[in-house]
**Student:** 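Encoded as structure tokens, here's the structure I'll be asking about.
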Amino acid sequence: ERSGARAINSDSLNPPNPDCPVCSPVVARVEIDPEVATLEHLIQGVLQTELGYGEEISVGLGSESIYDPDFTDNLEKKLFDLGINNESFITVYDENEPERINLELVVIAR
């Protein structure tokens with residue numbers, strides 16, 4: 001259509017803004033059994049070993065912090081006991097590399 005109102009626009013999209021809380025996180029799925037796996041399994045086995053995160057990470061569930069280097073009380077707890085079950089969202093923050101955007105893990109219970 002040649003008028004001013006167009007249903008399709010060919011402009012290129014801007015990249016995600018790392019300071020924007022809506023478009024900045026990367027979302028990934030993780031298959032895990034929350035009734036067997038502990039928070040330590042998730043942090044050491046998945047985040048540090050598989051994804052290359054360092055020691056200075058924080059993990060949140062909703063608005064609640066469930067782990068950071070100074071708060072390790074939950075490491076031995078099963079994910080289910082922390083309120084993590086199928087389709088829960090866990091946010092990972094990298095404290096050492098602020099340019100790394102947040103990672104949102106979606107738990108797929110097996």
Side-chain angles (χ1 to χ4, degrees):
E1 179 178 318
R2 295 185 182 233
S3 71
R6 293 184 181 200
I8 299 175
N9 191 346
S10 63
D11 287 346
S12 61
L13 299 175
N14 292 327
N17 178 352
D19 297 323
C20 175
V22 174
C23 64
S24 64
V26 171
V27 179
R29 296 169 45 181
V30 61
E31 287 188 32
I32 200 163
D33 186 346
E35 293 186 24
V36 175
T38 64
L39 184 58
E40 187 172 26
H41 291 136
L42 177 68
I43 291 170
Q44 291 180 355
V46 176
L47 298 176
Q48 292 175 341
T49 303
E50 297 291 325
L51 298 179
Y53 280 87
E55 297 290 323
E56 297 292 321
I57 61 172
S58 297
V59 179
L61 179 62
S63 61
E64 181 182 350
S65 177
I66 58 173
Y67 172 82
D68 70 39
D70 297 323
F71 176 60
T72 60
D73 297 351
N74 292 329
L75 280 177
E76 300 297 320
K77 292 184 180 177
K78 295 192 182 331
L79 296 176
F80 182 79
D81 294 336
L82 293 170
I84 299 170
N85 49 42
N86 193 40
E87 297 184 2
S88 290
F89 282 82
I90 301 169
T91 307
V92 180
Y93 309 93
D94 192 336
E95 306 292 329
N96 269 349
E97 297 188 38
E99 67 277 356
R100 182 183 259 184
I101 59 177
N102 298 337
L103 172 64
E104 293 280 342
L105 291 176
V106 180
V107 174
I108 306 299
R110 39 179 173 140

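In this chain, residues are counted from 1 in sequence order.
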**Student:** With a cut-off of 3.5 Å and sequence neighbours excluded, list every side-chain donor-acceptor pair involving residues 47-56.
**Tutor:**
{"from": "Gln48", "atom 1": "NE2", "to": "Gly54", "atom 2": "O", "distance (Å)": "3.1"}
{"from": "Thr49", "atom 1": "OG1", "to": "Gln44", "atom 2": "O", "distance (Å)": "2.7"}

**Student:** Would Val26 and Asn102 satisfy side chain to side chain contact (heavy atoms under 4.5 Å, CB included), going step by step from the backbone distance to the final call?
**Tutor:** CA-CA 6 Å; Val26 171; Asn102 298 337; over 6 Å; no
**Student:** Rounded to the nearest 0.5 Å, what separation is found between the NE2 atom of His41 and the CG atom of Leu39?
**Tutor:** 10.5 Å
**Student:** What donor-acceptor contacts under 3.5 angstrom involve side-chain atoms of residues 84-93, with partners at least two apart or in another chain?
**Tutor:**
{"from": "Asn85", "atom 1": "OD1", "to": "Ser88", "atom 2": "OG", "distance (Å)": "3.2"}
{"from": "Asn86", "atom 1": "OD1", "to": "Ala109", "atom 2": "N", "distance (Å)": "3.0"}
{"from": "Ser88", "atom 1": "OG", "to": "Asn85", "atom 2": "N", "distance (Å)": "2.9"}
{"from": "Ser88", "atom 1": "OG", "to": "Asn85", "atom 2": "O", "distance (Å)": "3.0"}
{"from": "Thr91", "atom 1": "OG1", "to": "Glu104", "atom 2": "OE1", "distance (Å)": "3.2"}
{"from": "Thr91", "atom 1": "OG1", "to": "Glu104", "atom 2": "OE2", "distance (Å)": "2.9"}

**Student:** Does any part of the side chain of Asn74, heavy atoms only, come nearer than 4.5 Å to the side chain of Tyr67, both counted from C-beta?
**Tutor:** no
**Student:** Leu82, Leu75: one ILVMFWY side-chain cluster at the under-4.5 Å cut-off?
**Tutor:** yes
**Student:** For Val30, which residues count as a side-chain contact (heavy atoms from CB on, under 4.5 Å) partner, sequence neighbours excluded?
**Tutor:** Val46, Leu105, Val107
**Student:** Could you walk me through whether Thr38 and Leu79 pass the side chain to side chain contact (heavy atoms under 4.5 Å, CB included) check?
**Tutor:** CA-CA 5 Å; Thr38 64; Leu79 296 176; over 6 Å; no
**Student:** Write out all pairs satisfying salt bridge (Lys or Arg N to Asp or Glu O under 4.0 Å) with one or both partners inside residues 57-82, taking only residues at least two apart or from two chains.
**Tutor:** none
**Student:** Excluding sequence neighbours, so at least two apart, what forms side-chain hydrogen bond (donor to acceptor under 3.5 Å, both in side chains) with Glu35?
**Tutor:** none
**Student:** Which distance, rounded to the nearest 0.5 Å, do you find between the CZ of Arg29 and the CD1 of Ile108?
**Tutor:** 4.5 Å
